[in-house]
Amino acid sequence: MAPHHPTPPTGPGTPALVDFTVDLTAQEVLRRAQVMEALGSDWDPIEVLRGEEAAYDLLYSGLDEEQQRVYEDLVAAGVLPSRGGGRAAA
């Protein structure tokens, strides 16, 4: 089966390949500025992190015995971080 993008032919009469480079630095700076503008001046990253922590605390609270066992297995395997001093319900 032939590849989708075969190597272009080379030799006499074939055009040379041209190095093509695009600098996206200015576009990235503009994108970041637009993100910060969309977040607004009242955006508080510390408060956002506190809210995420509270959401995780709720997510892992009130687990039954089987759910707690699975949670502890996932913590032991390094899939989830330990929360609440060894118990999911903090």
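Note that the numbering runs from 1 along the sequence shown for the chain. When reading the values below, keep in mind they use all heavy atoms of this one structure, side chains included, and skip hydrogens, waters and symmetry mates.
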Could you check if a side-chain atom of R50 sits within less than 4.5 angstrom of a side-chain atom of E53, using non-hydrogen atoms only? no

Do L58 and L49 belong to the same hydrophobic cluster, where Ile, Leu, Val, Met, Phe, Trp and Tyr are linked whenever their side-chain heavy atoms lie under 4.5 Å apart, directly or via other members? no

With side chains defined as the heavy atoms from C-beta onward, is the minimum distance between V29 and R32 less than 4.5 Å? no

Hey, does D19 have a side-chain heavy atom less than 4.5 Å from the side chain of T21? yes

Assigning hydrophobic clusters by single linkage (Ile, Leu, Val, Met, Phe, Trp, Tyr; side-chain heavy-atom cutoff under 4.5 Å), is L24 placed with L30? no

Could you tell me the separation between the CG atom of L80 and the CD atom of E72, rounded to the nearest 0.5 Å? 11.5 Å

Answer yes if L59 and V75 sit in the same cluster of Ile, Leu, Val, Met, Phe, Trp and Tyr residues linked by side chain heavy atoms under 4.5 Å apart, and no otherwise. yes

Is any side-chain heavy atom of V18 less than 4.5 Å from a side-chain heavy atom of F20? no

Is there a side-chain contact between Q67 and Y60, using heavy atoms and a 4.5 Å cut-off? no

Spacing of D73 atom CG and Q68 atom CD [to the nearest 0.5 Å]: 10.0 Å

More than 12 heavy atoms of other groups within 6.0 Å of E28 CD: yes

